[in-house]
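Working notes, beginning with the structure itself.
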Amino acid sequence: MPELPEVEVVKKSLESSIYNLIIKEVRINEPNLRYKIKKREISKLIGSKITKIERRSKYLIFKLSNKMTMLTHLGMTGKFFYEDKKNNKKKTSFYYNLNNHKDIKHDHVLFIFKNNSKLIYNDVRKFGFIKIDKENTIYRNIHLKNLGPEPLKSSFNLDYFRNFIKNKKKKIKDLLMDQKFVAGLGNIYVNEVLFFSKIRPTRSIRTLNKKEMKRIIFFIKKILKKAISKGGSSIKNFENSGGKTGSFQDNFKVYGKLGQKCSNSDCKSYIKKMILAQRASFYCSNCQK
DNA sequence: CGGGACTCCTGAGGGC
DNA sequence: TGCCCTCAGGAGTCCC
């Protein structure tokens with residue numbers, strides 16, 4: 001369940017390892033991810049150098065020296081591993097060690113570089129995807145063209161919020177999950193943001209006052225930043241491209257905390273759970289109004 | 001246009 | 001130990 005912070009952490013760890021490497025070969029073990037990978041498409045990457053990696057929402061965009069791009073989404077369980085032969089000898093690589101050896105069977109795509117190091121795309125549930133597109137049209141791609149603002153940018157602010165919800169009728173949780181409103185939040189961070197904002201997931205956006213909107217914006221930015229600084233959240237499946245895990249899950253106040261005492265010291269309630277739009281919502285019925 | 005249901009997938013975990 | 005069931009869920013698609 002990588003959301004914005006996890007994808008940002010993956011991006012940073014990839015940047016430090018694969019920039020300026022030339023792709024020598026692409027090996028497809030399993031083409032049937034969310035979208036079928038065509039060998040003809042992906043072979044357009046061969047012979048080119050990786051010049052840049054961008055993140056937009058939960059997507060990663062790999063830019064290549066031949067003006068092609070690779071768009072990826074990690075879905076629920078997608079991971080990138082970077083395997084450097086030299087590091088392996090020094091045993092500093094976390095990949096292919098005893099702990100996650102069984103994961104090899106979910107290595108679906110291998111990018112082999114000219115220096116013989118490898119970038120591996122591994123995805124247990126195959127909800128993720130890899131698509132090839134031209135650099136000059138990538139942001140008009142169906143996945144990217146309708147995305148809302150990046151939550152950490154200043155364009156995501158109170159004016160934007162008020163304007164977007166004008167004449168709309170929705171529950172606040174549905175709004176925050178809507179990628180057209182703000183890009184990159186998923187179920188976990190929305191649960192956490194609403195807890196800190198003291199707003200119940202089912203609240204109608206029509207009833208929100210200015211102060212509450214400001215609070216929501218504030219905590220979105222604050223929680224995402226903190227999660228990035230902690231290396232993201234590692235629940236079962238998330239690791240960065242070095243195989244390391246994040247620790248923000250230790251800061252969760254409501255997500256997955258059904259039945260536990262509310263973390264606000266002056267509150268005696270317990271965390272409840274309800275299903276909204278087919279997804280689990282955790283909240284404190286005393287603190288969140 | 002909005003909202004709800006359904007879909008893809010596989011491992012973890014619970015019940016017995 | 002093993003079988004069966006449920007759950008996890010991003011986002012595209014379809015239908016009303």
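What's counted below: heavy atoms across the whole structure, side chains too, no hydrogens, waters or symmetry copies. Note that the structure is a prediction, hence the values are computed from the model and not measured. A note on names: the letters A, B, ... follow the listed sequences, proteins ahead of strands, and every chain is numbered from 1.
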If you apply the rule side-chain contact (heavy atoms from CB on, under 4.5 Å), what do you find for A/Ile61 with A/Ile53, and how did you get there? CA-CA 6 Å; A/Ile61 300 153; A/Ile53 304 169; over 6 Å; no
Working note: A/Lys253 + A/Glu192, criterion salt bridge (Lys or Arg N to Asp or Glu O under 4.0 Å); need CA distance, chi angles, decisive distance, verdict. CA-CA 6 Å; A/Lys253 302 292 185 197; A/Glu192 295 298 310; over 6 Å; no
For A/Glu54 and A/Lys52: C-alpha separation, side-chain torsions, deciding distance, then whether salt bridge (Lys or Arg N to Asp or Glu O under 4.0 Å) applies. CA-CA 7 Å; A/Glu54 289 171 9; A/Lys52 201 166 185 222; 3.3 Å; yes
Shorter than 3.5 Å, N or O on both sides, protein versus nucleotides 13-16 of chain C: list them out with atom names.
none

Listed once per pair and sorted, the ring-ring contact (aromatic ring centres under 6.0 Å, His included) pairs that draw on residues 179-217 of chain A, sequence neighbours left out: A/Phe156-A/Phe181, A/Tyr160-A/Phe181, A/Phe161-A/Phe181, A/Phe164-A/Phe181, A/Tyr189-A/Phe248, A/Phe196-A/Phe219
Interatomic distance, A/Asn146 CG vs C/dA11 P [rounded to whole Å]: 13 Å
Contact under 4.0 Å: A/Lys273 side-chain N or O vs C/dC7 OP1/OP2: no
Assess whether one donor atom and one acceptor atom, taken from the side chain of A/Arg125 and the base of C/dA8, lie less than 3.5 Å apart. yes
For B/dT10, does OP1 or OP2 lie under 4.0 Å from any side-chain N or O of A/His106? no
Could you tell me how far apart A/Phe127 (CZ) and C/dC7 (C1') are, to the nearest whole angstrom? 12 Å
Residues A/Val26 and A/Val109: closest non-hydrogen pair is CG1-CG1, 3.8 Å
Answer yes or no: is there a side-chain heavy-atom contact under 4.5 Å between A/Lys170 and A/Asp178? yes
Whole-Å gap separating P (C/dA11) and CG (A/Asp178): 11 Å
Output the rounded distance in Å from CD1 (A/Ile275) to P (C/dC7). 8 Å
Separation of atom CE in A/Met177 from atom P in C/dA11, rounded to whole Å: 8 Å
Close side-chain approach of A/Met274 and A/Thr202, heavy atoms under 4.5 Å: yes
Between the two end axes of the helix from B/dG2-C/dC16 to B/dC16-C/dG2, each built from 5 base pairs, what angle do you get to the nearest 10°? 40°
For atom CG of A/Leu33 and atom P of B/dT10, their distance in whole Å: 11 Å
Partner residues of A/Lys214 under the side-chain contact (heavy atoms from CB on, under 4.5 Å) criterion, sequence neighbours left out: A/Leu158
Rounded interatomic separation in angstrom, taking CE from A/Met76 and C1' from C/dA11: 11 Å
Classify A/Tyr59 by what it touches in the nucleic acid, base, sugar-phosphate, or nothing, heavy-atom distance under 4.0 Å. sugar-phosphate
For a 4.5 angstrom cut-off between non-hydrogen side-chain atoms, does A/Ser285 reach A/Arg200? yes
Once base and sugar-phosphate atoms are separated, protein heavy atoms under 4.0 Å mark nucleotides 2-7 of chain B, 5' to 3', with B, S and - as SS-BB-
For C/dG10, does either OP1 or OP2 sit under 4.0 Å from a side-chain N or O belonging to A/His73? no
Side chains of A/Lys173 and A/Ser281 in contact at under 4.5 Å (non-hydrogen atoms): yes
Provide the full list of ring-ring contact (aromatic ring centres under 6.0 Å, His included) pairs with a residue in residues 262-289 of chain A, sequence neighbours left out, each pair given once. A/Tyr255-A/Phe282
For this output row, return yes or no: ring centroids of A/Phe62 and A/Phe80 closer than 6.0 angstrom. yes
Once you round it to whole Å, what is the distance between C1' of C/dG9 and CD of A/Glu3? 10 Å
